[in-house]
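Here is how names work: the chains are called A, B, and so on, in the same order as the sequence lines, proteins then strands, and each is numbered from 1.
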Amino acid sequence: MENQLHIYNTLSGEKEVFKPIVEKHVGMYVCGPTVYSDVHLGNCRTFISFDMIYRYLLHSGYKVRYVRNITDAGHLENDADEGEDKIAQKARLEKLEPMEIVQKYTVGFREVMRLFNTLPPSIEPTATGHIIEQIEITKNILEKGLAYVSNGSVYFDVEKFNVNGDYGMLSGRKTDELISGTRDLDGQSEKRNPLDFALWKKASPSHIMHWPSPWSIGFPGWHLECTAMSTKYLGDQFDIHGGGMDLKFPHHECEIAQGKSATGKAPVNYWLHANMLTLNGKKMSKSTGNTLLPEELFSGNNNLLSKAFHPMVVRFFMMQAHYRSILDFSSEALVASEKGFIKLMTALADLNAIKPAASSSENADSMIGSFYEAMNDDFNTPVLIANMFEAVTYINKIKDGNATISAPDLDKLRSALHAFVFDVLGLREAKEGNDSKLEAVMQVILEIRKKARDEKDWATSDLLRDRLSEAGIQIKDSKEGVTYTVQ
RNA sequence: GACAAGGUGGCUGAAUGGCGAAGGCAACGGAUUGCAAACCCGUUUUGUAUGAGUUCGAAUCUCAUCCUUGUCUCCA
């Protein structure tokens, strides 16, 4: 059985055996959100994907330092490197301080991440908290002669870097093709070459967020913060760098160029890219407005939705697709996932009531092995879930008396399922807080219903069942007794 | 236009050369039930965009065609 973890590396375009730089330790960096508006569901998918990866690495016994940044310094608007900082722009619109915007949406982001049951990163650094580091890297690259100062701004010299470097190695692009593909800029551009990108940008007088530097009062370039923060906390070279597919070029390409220029070494061994979540077949994007907010999903308050969905149902839905595949969102697909999710969680709960037998009628070890096999194959969660449903069928058969399981197998299967469902997939019960008073009320109702059924008063019995069902409480009659689930 | 990833059953979504193409959902039949729900068993007939090629054998490899999406400008 293949027990080694294989990861698809964008750099090579192949699945590779994962070998960390330091045995049993993993350094992982993921590009975080820009906090100038609410995170939409597409953003969430990326972070949920990497949360699953983080969780599986932890489960596999690695000590992981997981760094995910908060971009709070803003980015520029247009391709001429001129324009207003996004955060400053939004601040003006809402008549707030830039850092007020940052605070608001950072808090919102963390709350959404909490609802999706993602683990907090080990370090969550901010761009504005690392201005000094970014200035130092800029100085470093200038000293290496791979950047130039122009009118108070500092630009990375892609052409010069490319003499010895290989700009485009990650995204499979060639610089001459890129140049021919760029739109003509007017002669006033500060850049020597359209491919060059800013390391430091001089601020216009109206620009609110700015800091002093050796070159001007200004702000750091778009790609620099990730280089500064990743290398600061994970070293010049680290294991895993993740992010959305849309960041592959130019953002990650620039990170490689910056890192190599500053340290002489390729910064990252494994580049991982999570694919897009689409809505109506199109990528979710802040700029095009084709978005769905998590809150709308949880409340059902959106025309695209037939009902509200619990965050765990959404997470399960995402886990049913592979992280490198495009996933199309639809209310219909989510309804199907909800049913499957309930089926899985019900079986998990039923597992606790199962009585072991002398022997097992099915091979629990191979089931458990199939879980690991799926995850070791580039975190294949859809296959993991399919394999877990084999176990679900087994559990239900045992419950119905059509199969048996031995005590040791029961223990193994239970702990494996718990580990994969809760620890790795990061799911948890989707029930609303079942308080003791509800429990007491339900016991009374079930008692009344039992009495009615004993007296063959089907009208009363069915009335109770149907009205509870309308209220979202399902009554389940079984041989062992009556139970209920709250949805 | 350049580059990249795709097009799989009623829906969703796995599987990269090998017996009957996973799983979830849906539908139908049966079992169960006071009737249902849940669970169990079974079924859904030529289901891998189209056309050619390589091969003993192709969803998978090659070529062509059509279509979709992404990146090339801030984006997860």
With a 3.5 angstrom cut-off on both distances, give the Watson-Crick or G-U wobble partner of B:G57, or none if there isn't one.
none

Cationic tip of A:Arg68 above A:Phe47 ring, under 6.0 Å, 45° of axis
yes

Let's see if you can work this out: which of B:A76, B:G23, B:A14 has an atom nearest to the side-chain heavy atoms of A:Gln320?
B:G23

Please confirm whether the shortest side-chain N or O distance from A:Asn396 to OP1 or OP2 of B:C39 is below 4.0 Å.
no

Could you tell me if A:Arg192 sits above the aromatic ring of A:Tyr155, with its cationic atom closer than 6.0 Å to the ring centre and no more than 45 degrees from the axis?
no

List the protein contact pattern of nucleotides 5-10 of chain B with one symbol per nucleotide (5' to 3'): B for base contact, S for sugar-phosphate-only contact, - for none; contact means a heavy-atom distance under 4.0 Å.
------

Can you check the A:Arg453 CZ to B:G34 C1' distance for me, whole Å?
8 Å

Within 45° of the axis and under 6.0 Å from the centre of the six-membered ring of A:Phe309, does NZ or CZ of A:Lys307 qualify?
yes

Below 4.0 Å: OP1/OP2 of B:A38 and any side-chain N or O of A:Thr346:
no

It should be established whether A:Lys174 places a side-chain nitrogen or oxygen under 4.0 Å from OP1 or OP2 of nucleotide B:C3.
no

So, does A:Asn380 get its side chain near the phosphate of B:A22, meaning an N or O under 4.0 Å from OP1 or OP2?
no

Please lay out, stage by stage, how A:Glu253 and A:Ser171 fare under the test side chain to side chain donor-acceptor pair (under 3.5 Å).
CA-CA 7 Å; A:Glu253 200 69 69; A:Ser171 53; 2.6 Å; yes

Quick one: does A:Asp477 reach the base of B:A38 with a side-chain donor-acceptor pair under 3.5 Å?
no

Check whether any side-chain nitrogen or oxygen of A:Ser330 sits under 4.0 Å from OP1 or OP2 of B:U12, and answer yes or no.
no

Flag this pair as yes if the NZ/CZ of A:Arg173 is under 6.0 angstrom from the six-membered ring centre of A:Tyr167 and inside a 45 degree cone about the axis; otherwise no.
no

Ion pair A:Glu447/A:Lys450, N-O distance below 4.0 Å
no

N or O in side chain of A:Lys343 less than 4.0 angstrom from B:C25 OP1/OP2
yes

How about A:Asp72 and A:Tyr105: does a side-chain donor come under 3.5 Å of a side-chain acceptor?
no

Distance, rounded to the nearest Å, where A:Asp246 contributes CG and B:C3 contributes C1':
16 Å

Taking atom P of B:C39 as reference, at what distance in whole Å does atom CD1 of A:Ile354 sit?
14 Å

Stacking of A:Trp458 on B:G34 base (centres under 5.5 Å, planes under 30°):
yes

For B:A15, give the paired nucleotide (Watson-Crick: N1-N3 plus N6-O4 or O6-N4; G-U: N1-O2 and O6-N3; both under 3.5 Å), or none.
none

Is the phosphate of B:C75, meaning OP1 or OP2, less than 4.0 Å from a side-chain N or O of A:Lys283?
no

Distance check: side-chain N/O of A:Lys397 vs OP1/OP2 of B:C41, anything under 4.0 Å?
yes

